[in-house]
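Just below is one structure, and these are the notes that go with it.
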Amino acid sequence: MRYLPLTADDRAAMLGVIGAASVDDLFADVPVPARLPGPLDLPAHQGEWEVEKAFRALAAKSLSPGEVPSFLGAGAYRHHIPASVDHLIQRSEFLTSYTPYQPEIAQGTLQHLFEFQTQVAMLTGMEVANASMYDGATACAEAVLMAKRQTRRPRAILSGGLHPHYRDCTRTMAGFVDHGVETLPLDLDGTEDLVAQLGKDVACVVVQYPDVLGRVRDLTALAEAVHAAGALLIVAVTEIVSLGALQPPGAMGADIVVAEGQSLGVPLSFGGPYVGLFATREKFLRQMPGRLCGETVDADGRRGYVLTLSAREQHIRREKATSNICTNAGLCALAFSIHLSLLGEAGYVRLAQINHGKAVQAADRLAAIPGVSLVNQGFFNEFTLKLPKDATLVVEALAKKRILAGVPGARLWPEDPQAANLLLVAVTELNDDGDVDALVAALAAEVK
Amino acid sequence: MSRIAFTKDHEWISVEGDVGTVGITDYAQSQLGDIVFVDLPEVGKTLALGDEAAVVESVKAASEIYAPVSGEVIEVNGELSGSPALVNEKAESDGWFVKLRLSDPAELDSLMDEAAYKAFVEGL
Amino acid sequence: MLNRQGRATQPAAVPVTGPGADATFAGDAGSILGHRGLDHEERLIFEMGEEGRSGVDLPEPPKVESRLGGLARQGRIGLPGLAEPQVVRHFVRLSRRNYAIDLGLYPLGSCTMKHNPRLNEKMARLPGLGDVHPLQPQSTVQGALELIERLAGWIMTLTGMPAVAMSPAAGAHGELCGLMAIHAAHVAKGDARKRVLVPESAHGTNPATAALCGYTVDPIPATADGRIDLEAFRAKLGPDVAAVMLTNPNTCGLFERDVIAVAEGIHSVGGYFYCDGANFNAIVGRVRPGDLGIDAMHLNLHKTFSTPHGGGGPGSGPVVFSDALKDFAPLPFVRREGDAFRLVEDPREAPKSFGRMKGFHGQMGMFIRALAYMMSHGGDGLRQVAEDAVLAANYVMASLKDVMTPSFDGPCMHEALFDDRFLKDTGVTTLDFAKAMIDQGFHPMTMYFPLVVHGALLIEPTETESKDSIDGFVAVLRGLAEQAIACRGGQGDPAAFTEAPRLAPRRRLDETRAARTPVLRWKQPA
């Protein structure tokens with residue numbers, strides 16, 4: 001067994017030192033009826049190439065978005081990942097280290113986390129950020145829980161423009177505290193009035209930016225109204241590249257910004273692992289969930305980094321912790337940081353401009369197809385089309401032509417009939433003119 | 001006339017008239033280590049005997065401070081937000097946490113006096 | 001504050017432009033830039049780079065009229081510009097300041113730092129698995145769905161449980177999944193309950209999770225032999241108890257002998273048995289939780305099934321369920337329908353489900369790695385994993401019991417627990433002892449956990465260490481223990497402990513300062 005170094009002789013010698021006759025003696029505390037006499041009914045061990053063959057067979061059964069025109073988004077986006085990102089995150093010292101509990105020999109991870117926190121704060125326009133959450137959706141749930149603690153108010157209002165996965169996660173994970181969460185329906189015509197929902201018992205309002213249909217709205221007035229009512233504004237961002245082109249939520253008055261960081265450095269990987277970003281104002285620091293890395297000095301006065309403010313966390317605070325999170329998304333956060341470091345300010349901004357420009361061009365061509373209309377005017381790299389027929393059927397038909405056209409509304413709002421004809425289309429730097437030509441032609445033929 | 005009393009949770013309360021000043025004992029601060037943050041209640045809050053009055057955090061621990069007697073919070077020690085180290089340096093004077101207006105001074109009778117507390121600590 | 005070279009040592013006062021002006025790392029006599037041989041000091045990335053430079057070549061953006069709704073970003077973000085070689089060097093230098101399982105034995109008890117096979121990494125990157133979009137039409141991702149179904153099959157066989165929820169992102173998230181299913185099951189019976197019983201020795205995530213679900217946590221004491229106090233447990237049972245959360249093998253590294261009695265007890269009052277499966281590595285292939293009366297248990301794929309810890313994640317925490325709870329499991333899940341696989345996402349198809357708890361479907365990248373690991377080991381190899389892990393821990397315990405103080409008698413499971421009685425009157429604490437290990441080239445064990453023993457030192461060697469490697473580790477601990485014992489009564493050299501580490505990239509860090517005046521991000525110097 002290639003991963004098990006002990007030989008039969010080693011085992012015998014070790015049992016000798018222990019003073020046990022056999023390894024069974026070491027399992028003496030297991031109740032007799034629970035002891036398995038031999039191996040379970042599972043395949044026996046396999047060599048590398050046998051395992052590899054099995055996985056290649058599974059991989060061959062899926063259509064890889066890299067091989068066909070692909071316009072899928074709705075919370076996960078296909079972007080180019082520079083080769084050095086994947087090389088660096090596979091450095092043994094990053095890949096095979098634990099949470100940095102011994103800071104003297106974990107300065108690599110800790111300095112990275114400090115840089116990551118800084119990057120997240122900069123992009124979102126906020127003052128502080130934590131060392132990552134599982135993903136954007138769970139970060140959103142944590143933000144609602146934090147707002148309830150901070151304001152000591154019971155109600156949370158979720159905009160209908162929030163991604164349904166974020167809505168559902170928040171409803172599930174924050175459902176046991178006070179009044180749970182209240183959700184507004186999908187708002188196709190853009191008339192949702194969040195201000196009317198405010199009241200003395202509202203802890204927070206949650207909006208997405210750009211929203212799930214791709215719409216971009218100035219949140220400044222909303223933030224002012226929310227603050228006037230004594231509540232917090234939580235802004236969720238599912239496409240972090242957008243903040244290279246758009247005003248950051250922090251500049252519009254957001255109190256907590258949560259985001260999905262997958263777009264930078266993290267492969268699509270069928271939905272995970274991704275990396276949740278969490279940023280807020282310094283005055284709310286003590287109510288933040290998750291790990292925080294801070295700067296300090298060592299015994300020789302040299303600058304160094306440690307995990308800090310741990311008394312908020314479960315391993316110290318137990319049932320009074322700000323969250324139960326322990327393991328987070330460290331290695332995905334590293335990939336995010338490396339990709340963003342490679343881009344730099346100029347590259348990040350230009351990447352966003354390319355995404356936006358290509359999306360504008362594609363949107364105009366798609367909206368020109370007879371019967372197809374564009375739901376939103378403003379957008380970043382994702383927009384919503386209204387088709388003259390059921391979008392799920394269209395997407396399935398185009399998939400047969402090896403085109404991944406986008407995400408049909410029914411996939412996100414299965415219970416809402418007004419979503420049936422919607423198609424969410426994302427365009428990134430990886431979509432060339434040929435991809436758009438193919439989509440336009442195939443969609444035009446399908447809806448004719 | 002002032003009077004000082006101690007709890008088994010290593011808190012002290014110094015009473016003058018109907019106002020009691022509450023803090024943690026020197027023994028408590030030495031057990032907690034370097035105090036890094038003190039979370040104080042809002043002025044005006046009414047606490048029943050045993051309610052959580054404050055939370056004190058060191059690098060590796062967090063402890064609740066319980067109201068040693070019932071009363072209303074009339075003042076909190078604002079100095080602690082900027083200098084939590086005061087609790088380590090002067091636990092039984094400048095490092096006080098809250099002042100309470102006692103609602104039932106008779107509750108003091110169930111607490112320890114200085115000599116009893118000293119004996120209690122020695123027995124730990 | 002100035003050091004011997006007269007350079008400022010306080011970061012706040014540090015000039016950060018130009019290598020020669022950099023005093024951030026001074027403090028090491030004789031080193032001009034702070035470097036020592038292969039150990040390079042490295043500034044923050046924000047202290048390097050220039051505006052305009054980029055490590056990625058991008059084409060001109062298309063010339064279009066902006067459709068950003070008048071919300072185009074104003075002003076600079078503040079990110080530095082670096083070319084690829086600068087970025088690569090920065091992160092390689094950082095990497096070299098970390099300990100890692102690939103460098104040496106990593107004895108963190110409760111964390112299961114075992115070898116991470118690279119085949120698993122390769123498989124996770126296959127086109128068709130690592131690059132598929134979560135919302136592709138299901139007809140185009142049949143291989144990915146089949147993989148999830150296949151992994152679920154392995155997990156159900158290994159645990160002897162009839163169902164598994166795959167979406168939880170980590171152990172604590174799995175605990176939440178289990179407790180939310182328990183909560184939903186009670187609510188479905190119209191019997192909302194209040195209390196969850198949690199042993200004092202539990203991981204902090206257990207009480208934190210129970211509280212998140214709105215439950216009151218009621219602690220159960222441990223017995224003198226490090227196990228759940230069955231009488232105390234029974235005394236706390238009542239009609240308002242929703243569940244007990246028990247770690248087995250427990251955090252003292254011991255198998256809970258009374259586990260079946262615990263199951264019977266909790267079931268007798270209509271409660272459910274949640275098991276924290278963080279320590280499943282000790283029993284995989286030898287004991288099935290399904291035979292112990294457990295209703296829900298999470299598995300940390302990043303512990304038992306070797307997906308890499310990555311400096312703190314990502315993890316994956318699938319939760320197995322008994323028949324009593326399986327209908328309450330979260331959405332989405334994969335269902336086999338003939339030869340096809342379907343992802344059930346619509347709540348109308350699973351009316352009892354407590355709902356969604358993660359974006360998309362789960363930690364697919366971790367599923368791939370874990371399945372590759374399971375298939376590599378096979379049923380036979382996984383049983384050997386548990387045996388070798390338990391053998392290694394008992395060998396460490398037996399080899400050190402004359403110089404260190406094991407907390408409990410008898411064989412342990414996959415981790416050996418010592419307390420600080422052997423350090424009495426030495427002036428050396430558990431922390432000092434751990435830090436001295438760093439100077440000897442080892443990562444310390446888990447310290448001060450579990451809380452039920454004083455000054456705990458919890459050692460988990462895992463099955464992927466050779467006897468030679470364990471012997472080296474034992475030799476170091478023996479040497480340090482003898483050196484510490486020699487400090488009793490004011491003798492010896494306690495500074496070798498209290499001043500340690502001396503040879504690491506950093507000496508002890510001022511955690512009080514970090515917490516009293518938090519500096520959590522870099523800011524442009526004024």
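Residue numbers start from 1 in every chain, and the chains themselves are labelled A, B, ... in the order their sequence lines are given, proteins ahead of strands. Excluded from the calculations below are hydrogen atoms, water molecules and symmetry mates; all remaining heavy atoms, backbone and side chain alike, are included.
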May I ask you to say whether [X] pairs ionically with [Y], meaning some side-chain N is under 4.0 Å from a carboxylate O?
X	Y	answer
Arg76(C)	Glu345(A)	yes
Glu104(A)	Lys435(C)	yes
Arg508(C)	Asp298(A)	no
Arg11(A)	Asp388(C)	yes

Side chain, backbone, both or neither of [X] within contact of chain A (heavy atoms, under 4.5 Å):
X	value
Ile368(C)	both
Leu520(C)	both
Ile438(C)	side chain

Donor-acceptor under 3.5 Å (Arg53(C) side chain, Gly344(A) main chain): no
Donor-acceptor pair, side chain of Asn324(A) and main chain of Ala172(C), under 3.5 angstrom: yes
Does any backbone or side-chain atom of [X] lie under 4.5 Å from a heavy atom of chain C? Answer side chain, backbone, both or neither.
X	result
Met1(A)	side chain
Thr308(A)	side chain
Leu95(A)	both
Asp135(A)	side chain

Consider only side-chain N and O atoms of [X] and [Y], and report whether a donor and an acceptor are under 3.5 Å apart.
X	Y	result
Thr109(A)	Asn98(C)	yes
His165(A)	Arg356(C)	yes
Thr296(A)	Asp510(C)	no
Arg521(C)	Thr118(A)	no
Gln111(A)	His90(C)	no
Glu396(A)	Ser139(C)	yes

Test ring-ring contact (aromatic ring centres under 6.0 Å, His included) applied to Tyr134(A) and His173(C), step by step: CA-CA 9 Å; Tyr134(A) 307 132; His173(C) 206 218; 4.6 Å; yes
Option in Leu103(C), Val259(C), Leu158(C), Leu254(C) with maximal non-hydrogen atom pairs under 4.5 Å from chain A: Leu158(C)
Plane angle bin for His115(C) and Tyr3(A) - parallel if under 30°, tilted between 30 and 60°, otherwise perpendicular: tilted
Side chain proximity check, Lys122(C) to Glu52(A), heavy atoms < 4.5 angstrom: yes
Validation row: Met14(A), Asn394(C) side chains within 4.5 angstrom (heavy atoms): no
Stacked cation flag Arg286(C) on Phe27(A), 6.0 angstrom / 45 deg: yes
Heavy-atom closest contact (Leu309(A) atom, Ala515(C) atom, distance): CD2-O, 3.7 Å
Taking every non-hydrogen atom, the tightest pair across Cys169(A) and Met357(C): SG-C, 3.2 Å
Non-neighbouring partners of Arg73(C) that pass side chain to side chain donor-acceptor pair (under 3.5 Å), sequence neighbours left out: none
Set of residues satisfying side chain to side chain donor-acceptor pair (under 3.5 Å) with respect to Asp346(C), sequence neighbours excluded: Arg348(C)
Spatial distance of atom NE2 (His356(A)) from atom CZ (Arg67(C)) [nearest 0.5 Å]: 7.5 Å
